[in-house]
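Every heavy atom of this structure was used, including side-chain atoms; hydrogens, water molecules and symmetry mates were not. Counting starts at 1 for both ligands and their atoms, following the listed order. Everything quoted here is computed from the prediction, not taken from an experiment.
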Amino acid sequence: MKKVLFTSLLVGGLVFAQPKVEVKDAWVRAVPPTSKMSAAYMIIENKGKEADRLVDAKNNLSEITEIHETVEGKMRRVKAIEIPAGGKVELKPGGYHIMLINLKKPLKEGDKVELVLRFEKSGEVKVEAPVRKGMEKEHMHHGH
Ligand SMILES: [Cu+2]
């Protein structure tokens with residue numbers, strides 16, 4: 001009897017935890033000391049059976065954190081990024097990214113940025129994103 005109860009609690013817990021997002025390969029672009037902005041990139045995978053949405057982001061090194069999308073070379077703020085059930089979305093140069101605005105200190109290669117991503121259903125996910133160089137051709141054009 002006890003065993004049956006335990007199993008049903010466990011299954012119930014797993015069901016409650018759906019959908020489940022995982023964040024992989026997070027990194028933040030190293031920028032010159034004069035730059036007050038940078039961007040974070042990552043892969044967000046949804047292993048759940050329901051779609052989820054990235055709705056907010058915070059980080060420890062900039063005053064403002066925004067969710068952005070680059071369209072035709074111009075960046076714009078978006079309210080959320082939809083992560084389809086069983087799918088993944090890549091935040092990468094030229095596409096979706098997390099914008100770090102008003103950096104509190106210059107970002108050097110090898111530094112680590114603590115990001116807190118908030119998903120509508122999965123809640124908060126913390127990631128540590130190393131700072132590294134982007135490619136020269138991925139220059140940022142800011143639309144603000
Ligand atoms: Cu941006």
Run through Asp56, Ile83, Asp52 and flag the one making a side chain to side chain contact (heavy atoms under 4.5 Å, CB included) with Glu120.
Asp52
Which angle, to 10 degrees, forms at the Cu ion (ligand 1) with ND1 of His68 on one side and NE2 of His97 on the other?
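His68 ND1 and His97 NE2 form an angle of 110° at the Cu ion (ligand 1).
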Hey, is the Cu ion (ligand 1) within less than 2.8 Å of some N/O/S atom on Met99?
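Checking the Cu ion (ligand 1) against Met99, an N, O or S atom does fall under 2.8 Å.
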2.8 Å cut-off met by an N, O or S atom of Thr70 to the Cu ion (ligand 1)
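It does not: Thr70 brings no N, O or S atom closer than 2.8 Å to the Cu ion (ligand 1).
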pair Pro93-Thr70: side-chain heavy atoms closer than 4.5 Å:
no
Arg77 and His68 have their tightest heavy-atom pair at CA-CD2, 3.7 Å
Kindly write out the residues that satisfy side chain to side chain donor-acceptor pair (under 3.5 Å) with Lys92, not counting sequence neighbours, or none if the list is empty.
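Partners of Lys92 under the side chain to side chain donor-acceptor pair (under 3.5 Å) test: none.
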